[in-house]
Every structure is written in structure tokens, then in C-alpha cells.
Amino acid sequence: MKKTFLILGAVVIFMASFSKADLAKEKAVLATATTTTHAAFQSNPGEKLINKSDCLGCHNKTNKIIGPAYVDIAKKYPATEKNINMLADKIIKGGTGVWGNMPMTAHATLKKDDAKLMVKYILSLKKK
């Protein structure tokens, strides 16, 4: 009886050692796939800047939160150089009154070129 338990215990330990190695490999593959997939969805430099900033606290791509949805902004403003500059300035200086009385926080440390990349991404979301 003791030999049976000893052999059974050895078999369980032996099999468990293989499953841990396989689990580690699966986690590594999953992490690589997740990183690759996430990067593929975030190929636009403007989108990357938005995701690094605090914009997503008030804005969403498709739904109004505190501020308007990005698709609604894209619907309202054609992607002209004048609108891109105006909206980039609004991101940097802040503003109020266009989408309601809730003010948008100023982002004074943001570079104008970065703000323009963000605006170009947002305006690219316009449904045709």
C-alpha cells in the first residue's frame, strides 16, 4: 500500500512539473500575442499620444462621457488645416461652451505638433 502511494505521488509530481513548464510557455506566448495585437490597434501616433494622456478620463472614441465622443467631434469639424490648428489650440489652452458648460482642462505642457497629431487622429474617425 505504501509503495502504491509513493508511486502515485511520484507520478503526480512528474506530471505537475510538465504542466508548469507548459503553463510558463503559454503565458509567454499569450503575452507576446497580446502586446503585438495591442500595438496593431494603436498604430496611429495621435492615438498613442491620446492613450498616454488624461484625455480618456473625459472622452471616449464612440460614447460621450464628460466631453464629447471623438466620432462626434469628427462629425462636427471637417479635417481642414484651420480646424486642426483651432482644435489643437483648444487642447492646449482648454475651453468651454462648444459642447456644454463643462470646461475642458488646459494641457499647457503639450507641444503644438503633438496636439495636432491628436486632432488629426480624432478627425480621421469621421464616418464616411
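- N44 contributes atom CG, which lies 10.0 Å from atom CG of N51 (distance to the nearest 0.5 angstrom).
- Using the six-membered ring where Trp is involved, H59 and Y70 have ring planes that are parallel, under 30° apart on the 30 and 60° scheme.
- Taken from CG in D89 to CD1 in I92, the straight-line distance is 6.0 Å, to the nearest 0.5 Å.
- Between I73 and V119, the closest side-chain pair of non-hydrogen atoms is not below 4.5 Å.
- The two residues A115 and L110 have their closest heavy-atom pair at CB-CD2, 3.8 Å.
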Residue pair K48, S43: steps toward the side-chain contact (heavy atoms from CB on, under 4.5 Å) verdict | CA-CA 7 Å; K48 287 179 185 177; S43 63; 5.7 Å; no

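- Crowding of K64 atom NZ: a count of heavy atoms from other residues, nucleotides or ligands under 6.0 Å exceeding 12.
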K61 and E47: CA distance, side-chain angles, deciding distance, side-chain contact (heavy atoms from CB on, under 4.5 Å) verdict | CA-CA 10 Å; K61 189 183 278 188; E47 184 180 15; 4.1 Å; yes

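- Scanning both residues, Y77 and V98, for their nearest heavy atoms gives OH-CG1, 3.5 Å.
- Here the closest heavy-atom approach between residue G57 and residue I66 is recorded as O-CD1, 4.3 Å.
- With rounding to the nearest 0.5 Å, the separation of OG1 in T80 from CG in L123 is 8.0 Å.
- Heavy-atom minimum distance, V71 versus T62: CG2-CA, 4.0 Å.
- The same ILVMFWY cluster, assembled from side-chain heavy atoms under 4.5 Å apart, contains both M86 and I50.
- Note on E81 versus K120: no salt bridge recorded, every NZ/NE/NH1/NH2 to OD/OE distance being 4.0 Å or above.
- Here the side chains of H107 and D54 are in contact, with some heavy-atom distance below 4.5 Å.
- By the 4.0 Å N-to-carboxylate-O rule, D72 lies close enough to K75 to be salt-bridged with it.
- We find the SG-CD1 distance between C55 and I122 to be 6.5 Å, quoted to the nearest 0.5 Å.
- Between N85 and K112, the shortest heavy-atom contact is OD1-CE, 3.6 Å.
- Between P78 and N83, the closest heavy-atom pair is O-ND2, 2.9 Å.
- Taking the ring axis of W99 as reference, the NZ or CZ atom of K76 stays within 45° of it and closer than 6.0 Å to the ring centre.
- Side-chain contact check for I91 versus M104: some heavy-atom pair is nearer than 4.5 Å.
- One hydrophobic cluster, built from ILVMFWY side chains closer than 4.5 Å, cannot hold both I65 and M118; they sit in different ones.
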